[in-house]
Amino acid sequence: MTDLLFRDDAYLRSCDARVTAITDRGGLVLDRTVFYAAGGGQPGDSGRIELSDGRQIAIPTTVYGEDRSQIVHVPAEGEALPAVGEAIVLHLDWDRRYRLMRVHTALHLLSVVLPFPVTGGQIGEGEGRLDFDIPDGSPDKDEVAAKVNEIAAADHAVTTDWITDEELLAKPEMVKTMSVKPPMGSGRVRLVRIGDVDLQPCGGTHVSRTSEIGPLIVTKIEKKGRQNRRVRIQLAD
């Protein structure tokens, strides 16, 4: 089982770890990590592993193992792998991760401004999108951007809490996403709270205050079906 350090502190950029297994495809399983594994529309983290002899191994992405209790760090093709039991140091590609954190938090605010069921989403480096089930017409993209920026500039604190699977099942209104199930199955579910404006289950990484998002624009609102609207956002810096 991999200890997910990013769940308690998304701002950790490195950590000591030990190789506990190597998968059939050459992926590295560690006892602990600061790397987020791909899931919930957020890409897996990238970075590098430093060995005791100073050698560096590039990690282009990170994914979950089959039972989701382990995180697999995928090395670049052709890299010579460390041995099981070897001590290493993980170094996160922080600039990329921080952009993902800003976009992910901004998408939470977008779901506040557009209080409709979310049918899909994707988080990228500096941009992202959510798909909404909107029954009547399309919102104005400039108005949506203005409202999201207003909430972000209010500098709300972003915090996390936990509830049990049973408590979440008793409160289905907390789940906004129709296409992605909340991270359930371990007995408890992580909640992300943004001031007094939003509370929803989410396993991703976020900034600690909404002011860190910075200004953003809504680049496009696309019609993807009779009621489905795809809203694309982009960080302005």
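What you are looking at is a predicted structure, and each value in this text was computed from that prediction instead of being measured. The residues of the chain are indexed from 1 along the displayed sequence.
- A donor-acceptor pair under 3.5 Å is absent between the side-chain atoms of Glu79 and the main chain of Ala76, judged by distance alone.
- Under a hydrophobic-cluster definition in which Ile, Leu, Val, Met, Phe, Trp and Tyr are linked whenever side-chain heavy atoms come within less than 4.5 Å, directly or via other members, Val84 and Leu90 are assigned to the same cluster.
- With hydrogens and angles ignored, the 3.5 Å screen pairs a side-chain donor or acceptor of Arg97 with a backbone N or O of Ala10.
- Note on Met101 and Leu4: separate hydrophobic clusters, where clusters join Ile, Leu, Val, Met, Phe, Trp and Tyr whose side-chain heavy atoms are under 4.5 Å apart, directly or indirectly.
- Under the side chain to side chain donor-acceptor pair (under 3.5 Å) criterion, Ser211 pairs with Asp155, not counting sequence neighbours.
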Side chain to side chain contact (heavy atoms under 4.5 Å, CB included) between Tyr98 and Arg13, intermediate numbers included: CA-CA 10 Å; Tyr98 190 57; Arg13 305 186 187 193; over 6 Å; no
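- A donor-acceptor pair under 3.5 Å links the side-chain atoms of Thr105 to the main chain of Val207, judged by distance alone.
- For the pair Leu28 and Ile22, the minimum side-chain heavy-atom distance is below 4.5 Å.
- At distances below 3.5 Å, at least one donor-acceptor pair connects side-chain atoms of Gln122 with backbone N or O atoms of Gly41.
- Side-chain contact between Asp142 and Val218 is absent, with no heavy-atom pair separated by less than 4.5 Å.
- Without hydrogens or angle criteria, Arg48 side chain to Ala58 main chain gives no donor-acceptor distance under 3.5 Å.
- Annotation for Glu150: atom CD does not count as buried by contact number, only 12 or fewer foreign heavy atoms lying within 6.0 Å.
- Residue-environment remark: CZ (Arg96) exceeds the threshold of 12 foreign heavy atoms within 6.0 Å.
- At a threshold of 4.5 Å between side-chain heavy atoms, the hydrophobic network of Ile, Leu, Val, Met, Phe, Trp and Tyr places Leu100 and Tyr11 in one connected group.
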Thr219 and Arg232: CA distance, side-chain angles, deciding distance, side chain to side chain donor-acceptor pair (under 3.5 Å) verdict: CA-CA 6 Å; Thr219 58; Arg232 297 183 180 275; 5.9 Å; no
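- In this structure, Leu81 and Pro75 approach most closely via the heavy-atom pair CD2-CG, 3.6 Å.
- Within the 4.5 Å cutoff, the side chain of Arg99 has heavy atoms near those of the Asp95 side chain.
- In this structure, CD1 in Ile88 is found 8.0 Å from CG in Asp16, a value given to the nearest 0.5 Å.
- Rounding to the nearest 0.5 Å gives a distance of 11.5 Å between CG of Leu30 and CG of Asp3.
- Using a 4.5 Å heavy-atom cutoff, the side chains of Val118 and Phe132 are in contact.
- Annotation for Arg32 and Cys15: closest pair NH1-CB, 4.2 Å, computed over non-hydrogen atoms.
- Judged purely by atom type and a 3.5 angstrom limit, Thr62 has no side-chain atom pairing as donor or acceptor with the backbone of Gly44.
- In the displayed structure, Asp53 atom CG is contacted under 6.0 Å by more than 12 heavy atoms of other residues, nucleotides or ligands.
- No donor-acceptor pair closer than 3.5 Å links the side chain of Asp133 to the backbone N or O of Phe116.
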Stepwise side chain to side chain contact (heavy atoms under 4.5 Å, CB included) test for Leu130 and Val231: CA-CA 5 Å; Leu130 286 180; Val231 182; 5.5 Å; no
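- Salt bridge Arg18/Asp31: absent, no basic N to carboxylate O contact under 4.0 Å.
- You'll find the side chain of Lys147 stays beyond 4.5 Å of the side chain of Val112, heavy atoms only.
- Arg102 places a side-chain N or O within 3.5 Å of a backbone atom of Glu212 that can act as its donor or acceptor partner.
- Separation of atoms CG (Asp45) and OG1 (Thr205) is listed at 6.5 Å; rounding is to 0.5 Å.
- In this structure, Thr159 OG1 and Arg193 CZ are separated by 6.0 Å, a value rounded to the nearest 0.5 Å.
- Between Ile134 and Pro139, the shortest heavy-atom contact is CD1-CD, 4.0 Å.
- Ring planes of His206 and His104: tilted class, angle from 30 to 60°.
- Contact of the Lys224 side chain with the Arg229 side chain is not registered, since no non-hydrogen atoms from C-beta on lie closer than 4.5 Å.
- Side chain of Asp131 to main chain of Thr119: no donor-acceptor pair is present (N/O by atom type, distance under 3.5 Å, no hydrogens or angles).
- Side-chain contact between Val158 and Ser208 is absent, with no heavy atoms from C-beta onward closer than 4.5 Å.
- Considering every non-hydrogen atom in both Thr210 and Ala152, the closest pair reads OG1-O, 2.8 Å.
- The hydrophobic clustering, which links ILVMFWY residues whose side-chain heavy atoms are closer than 4.5 Å, places Val74 and Val19 apart.
- Once rounded to the nearest 0.5 Å, the distance linking CG of Leu107 with CD1 of Ile233 reads 4.0 Å.
- Under the 4.5 Å side-chain heavy-atom criterion for ILVMFWY residues, no single connected hydrophobic cluster contains both Ile71 and Leu5.
- Closest non-hydrogen pair, Tyr36 versus Pro43, comes out as CD2-O, 3.7 Å.
- Taking CZ of Arg190 as the reference point, atom OG1 of Thr160 lies at 5.0 Å (rounded to 0.5 Å).
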Side chain to side chain contact (heavy atoms under 4.5 Å, CB included) between Asp198 and Leu109, intermediate numbers included: CA-CA 8 Å; Asp198 189 49; Leu109 299 187; 5.6 Å; no
